[in-house]
Amino acid sequence: MDSYDKKDVDLRNINITKFSGVGDKVAQKLAKLNLHNAQDVLFHMPFRYEDRTQYTSLNSATSNTSVLARGEITDVVQLSHGRRSLVIQINDGSGRLTIRMFHFSYSQRQAFIVGRWVECFGEVVLRPTGKEMIHPEYRIVTDKPNRPKNDRLTPVYPSTDGVSQHLLRKISDQALNKYLPQVQELLPMELIGRYQFCSLSEALQALHRPTAGVDLEAMLETDSPPFQRLICEELLSFHLGMQRVRMERQKERSLSLVSEKSEQLIERFIQNLGFKLTNAQNKVVAEIIVDLKLSQPMMRLVQGDVGSGKTVVAAVAVLQAVSAGKQVAIMAPTELLAEQLLRHMSSWLSEMDINVGWLAGKVTAAQRRPILADLASGELKVLVGTHALFQKGVEFHELGLVIIDEQHRFGVGQRLALRDKANGIVPHQLVMSATPIPRTLAMSFYADIDVSTIDELPPGRIPIETVVINADMKRDLVIERVYKACLAKTQVYWVCSLIDESEHINAQAVADVEQELTTRLQNVRIGVIHGRLKPAEKEEMMRRFRDHEIDLLLATTVIEVGVDVPNASLMIIENSERMGLSQLHQLRGRVGRGSQKSVCVLMYRAPLSENAKVRLQTMRETNDGFEIARKDLELRGPGELLGVKQTGAVSMRVANLVRDQHWLSAVEEDAQWLAEHYPANVELLLNRWLAYQQQYANA
Ligand code: ADP
Ligand code: MG
């Protein structure tokens, strides 16, 4: 049926060290780019191209573009006052150019001799003294060069420290010459015909070494034919992989969480809450309970805006499991968040005579011992904590349900580890996220997952007013506003992180602002919280804020999620232009929880990038987390939004699930058709594309 097995060379078996110029050391560096074998090299695509196929005359070279130029050396000067530099003038008859170098060896300098010719490639910048190239790539020749050496566009590949473009071009040259003829065409003719695709080898050749004269921009657009061809093949494989995961999942067994008592117990719980569940909450609760009664593991994502009341929904799931005599693990990504969960769960569940255990990194061995013992015996039914929950030594008696809050911060690996705690039986999983994403994307990202959405906020919430303020011009007004709010017994958050990466710098920023505010806000009780505090100190500070022993809480973004202080109705965020949309939305969600109207002040420093302008404007215009997530998706792409960049859950070679969304439904049909008619190709496609994201394929 298929004629593809005649070339049975598996390019994955050709190790990267077989390439000339690649020893063990270089191979290690290339591994960081996921380049392990000949196939990887063929599928490592350039992200842009340089045109070195023709000389640009110096008079027509425009500034801020990279060009290949040539010229006769007319002057060479070494400057030693100020910064040591070498300045070379060249002239090609049409105009002149200055080449400036700050790093150069003696022999390099000696080679620049007036009368010789230079061929150089680099970006042209316009200076008062004329056009310049700084540190271009160059070669010196004795006579005027006639024609550039390249007749193809020069690819620029994604790279990493210590891996030069030169090396990447060298190995891709080898891959194209030696292995391209062996690359297998895995799309059947019918499919290629339907989409009028080029062949795979044509596509690869065209993308690695485009011929001169093609439109550079168009080459990199998704709608260029070679790109289309690869995107479609990757998405198709991705979809086939997902079907595979789904089939595997159907074989898995879980404990069905059924009990006669549960209905009554849950009813009592809901009666005692002191508020009525929203329709959206009721709907999601019902969906979860249906799932939990099945002996197939639930895998459900509950997405709902900040404050939509996800925790109480999770509590109902806990009751369903516990009433069936099974255990529940509840996990959050940070200690602060986990503590919030613990507080909510304990207060609700203790009324139902259910004990809640606590396990985090800082829990001592002595405190840990009785918890672990009760867990292993099955005495303790509910355990809340951080990553510590899936460390060695944590053994459950009968783990029936795993709940993960703010799911997008967890890697697939961590989820799997927890699942493994259940001795072959796969526990039901409930993941909660305040970062809603479109359904198709959720499915693509989390393999086989059902999505429930809480699309309604509890009644009585007053929308938060958001104002955007230039800190350089109106900081005083903001401080005045804070002062008035505190006098009126309102509490205030002041967030002043610089950047997330360095807690040291953040702590410094907090200290500076603390001094400023202490001086300017007489009689206002100020508390400070940042990532460098010990968990107990953080917790104590949060308690004092909750109990209104503090008026103003000065914080880094550690307060981002999980803090619930209804009397706080003013939120000040400094450097808001540096924060992502979902982060801003999470922070803003700390206010607007009480009966007063809340205000969020976003301070920024000019100038704003286009992107930052859109973010701040979006924040000012809407309170709707779904709308904000949509914008965020547009601006940043799903990888960053979902935090999978760090966790490496999904990485594609050429396709992009957001950009290429329009493909998804066609690919779904094609996958079905392929599986029916060309099963052998399916295997080969999975090998080609999914080995790259192995972790994901195993999820
Ligand atoms: P999130 O979805 O952000 O995790 P929470 O579960 O923390 O939201 O709920 C936010 C607040 O709203 C909590 O104080 C919670 O008790 C309260 N809450 C939840 N559901 C309702 C409801 N139906 N009516 C009124 N308040 C509710
Ligand atoms: Mg929450």
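Whatever order the structure lists ligands and atoms in, that order sets their numbers, starting from 1. Only heavy atoms go into these numbers, but all of them, side chains included; no hydrogens, no water, no symmetry mates.
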Nearest non-hydrogen protein atom, atom 20 (N) of ligand 1: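 Going atom by atom, the protein heavy atom closest to atom 20 (N) of ligand 1 ends up being Gln281 NE2, 2.9 Å.
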To the nearest 0.1 Å, how far is atom 16 (O) of ligand 1 from its closest protein heavy atom, and which atom is that? Phe275 CE2, 3.7 Å
Counting heavy atoms under 4.0 Å, the part of Asp305 that contacts ligand 1 is backbone
Part of Gln303 with heavy atoms under 4.0 Å of ligand 1, whether side chain, backbone, both or neither: neither
For the pair Glu339 (side chain) and Glu539 (backbone), establish whether a donor and an acceptor sit closer than 3.5 Å, ignoring hydrogens and angles.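 No; judged by distance alone, with no hydrogens or angles, the pair does not exist.
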Check: Lys310 main-chain N/O paired with Gln281 side-chain donor or acceptor under 3.5 Å: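 Here the side-chain-to-backbone pair does not exist.
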[X] heavy atom under 4.0 Å from ligand 1:
X	value
Gly304	no
Gly307	yes
Asp405	no

If you measure every N/O of [X] against every N/O of ligand 1, is any gap under 3.5 Å?
X	result
Gly309	yes
Trp348	no
Lys276	yes
Thr311	yes

So, Arg300 and Glu287, do they make that salt bridge, N to O below 4.0 Å? yes
Show every side chain to side chain donor-acceptor pair (under 3.5 Å) that has at least one partner inside residues 617-626, sequence neighbours left out. Gln617-Glu621
Can you list the atoms of ligand 1 that are under 4.0 Å from a heavy atom of [X]?
X	answer
Thr278	23 (N)
Val306	3 (O)
Ser308	2 (O), 8 (O)
Leu277	23 (N)

Sort out for me which residue in Val431, Ile330, Leu341, Leu430 forms a side-chain contact (heavy atoms from CB on, under 4.5 Å) with Asp405.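 For Asp405, the side-chain contact (heavy atoms from CB on, under 4.5 Å) check succeeds only for Leu341.
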Leu584 side chain reached by Gln586 side chain, heavy atoms, under 4.5 Å: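 SC-SC contact between Gln586 and Leu584 ruled out.
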Of Met432, Lys310, Arg461, the one whose closest heavy atom lies nearest atom 17 (C) of ligand 1 is Arg461
Greater than 12 external heavy atoms within 6.0 Å of [X]'s [atom1]:
X	atom1	answer
Gln264	CD	no
Glu465	CD	yes
Arg525	CZ	yes

